[in-house]
Amino acid sequence: MNVDRLKENVAEVHGRINDAAKRAGRDQSEITLVAVSKYVDTEATRAILEAGCKVLGESRPQQLWQKAADLAELNPTWHLIGHLQRNKVEKSLPCSQLIHSVDSKRLLNAINKSAAALEMTANVLLEINVSGDESKHGWHPTELPAALESCLALEHVQCHGLMTMAALGGGQQVARRNFAQLKSIFDETKPAAGSQFFQISMGMSGDYEIAIEEGATLVRVGSALWAGVVA
Ligand SMILES: *Cc1c(COP(=O)(O)O)cnc(C)c1O
């Protein structure tokens, strides 16, 4: 593992985040880098924590459980960014500070039930399918008001905002259109959703700067951080 390269990549991504924020007239403190560690093992994940990335994203629940246990003494903040099945909710909640990928009412209900049993509040984002890709999870934008209403009725779930993925292979212009749409849906929804509703999770290695220009508060970056670091 090339730790120097990892530190360079981290600095580069932070620099690009700050430049994009500046271009958009935003304060860089509004944007959090979620370093996606799903491509690498526990030791490389430890290295990126030590390089200063304290918010980590994993897409597979089992991998999240394992790394959360192995790296507990470093006290990272874990975000679950991938699809969550209901039978994995109970084990995921104690180690997920935010779940980005809540995409059905049944999942919301399962999260509420487990959170109640664990005597905790689960923090979630609602995943919205703005691109219309059939292969993608997430609510259709027209389903959002009902999804939010379900969420607000649950005592042990706090909805912090929205998440989306740009269309696969759509290029930068399509990504920008997808992100602008999520921001506009967010703005329409915000008055009904309360003060805790402020997160917009969008943008990955290929398009996080565009996402920031369009209003992202959480960018989920993986491959740009690991390039040249691990074999
Ligand atoms: C893997 C993944 C990312 C990171 O993608 P990169 O292109 O490697 O930056 C972001 N979000 C989700 C949901 C992912 O599964």
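We count ligands from 1, going down the list as the structure has it; atoms in each ligand are counted the same way.
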In terms of heavy-atom contacts, does NZ of K91 have more than 12 from other residues, nucleotides or ligands at under 6.0 Å?
no

Whether H137 and H83 hold their rings parallel, tilted or perpendicular, with breakpoints at 30° and 60°:
parallel

Salt bridge check: are E214 and K183 linked by an N-O gap of less than 4.0 Å?
no

Sub-4.0 Å heavy-atom contact, W226 with ligand 1:
no

Would you mind listing which atoms of ligand 1 come within a distance below 4.0 Å of any non-hydrogen atom of Y39?
1 (C), 5 (O), 6 (P), 8 (O)

Counting from 1 in the order shown, the ligand 1 atoms closer than 4.0 Å to a non-hydrogen atom of R220 are 4 (C), 9 (O), 10 (C), 11 (N), 12 (C), 13 (C)

Heavy-atom contacts with V221 under 4.0 Å: which atoms of ligand 1 show up? List them by number with element.
9 (O)

List ligand 1 atoms under 4.0 Å from S223, heavy atoms only on the residue side.
6 (P), 7 (O), 8 (O), 9 (O)

Taking atom 12 (C) of ligand 1 as the reference point, the nearest protein heavy atom with its distance:
I81 CD1, 3.5 Å

Salt-bridge test for R176 and E213: reply yes if a basic N is under 4.0 Å from a carboxylate O, no otherwise.
yes

With atoms numbered from 1 as shown, which atoms in ligand 1 lie under 4.0 angstrom from a non-hydrogen atom of G222?
4 (C), 6 (P), 8 (O), 9 (O)

Looking only at non-hydrogen atoms, the one of K38, R60, M204 nearest atom 2 (C) of ligand 1 is K38

So, are R46 and E73 salt-bridged, with charged N and O less than 4.0 Å apart?
yes

Is ligand 1 less than 4.0 angstrom away from at least one heavy atom of M165?
yes

Checking a contact table here: which protein heavy atom is nearest atom 9 (O) of ligand 1, and how many Å away?
S205 OG, 2.5 Å

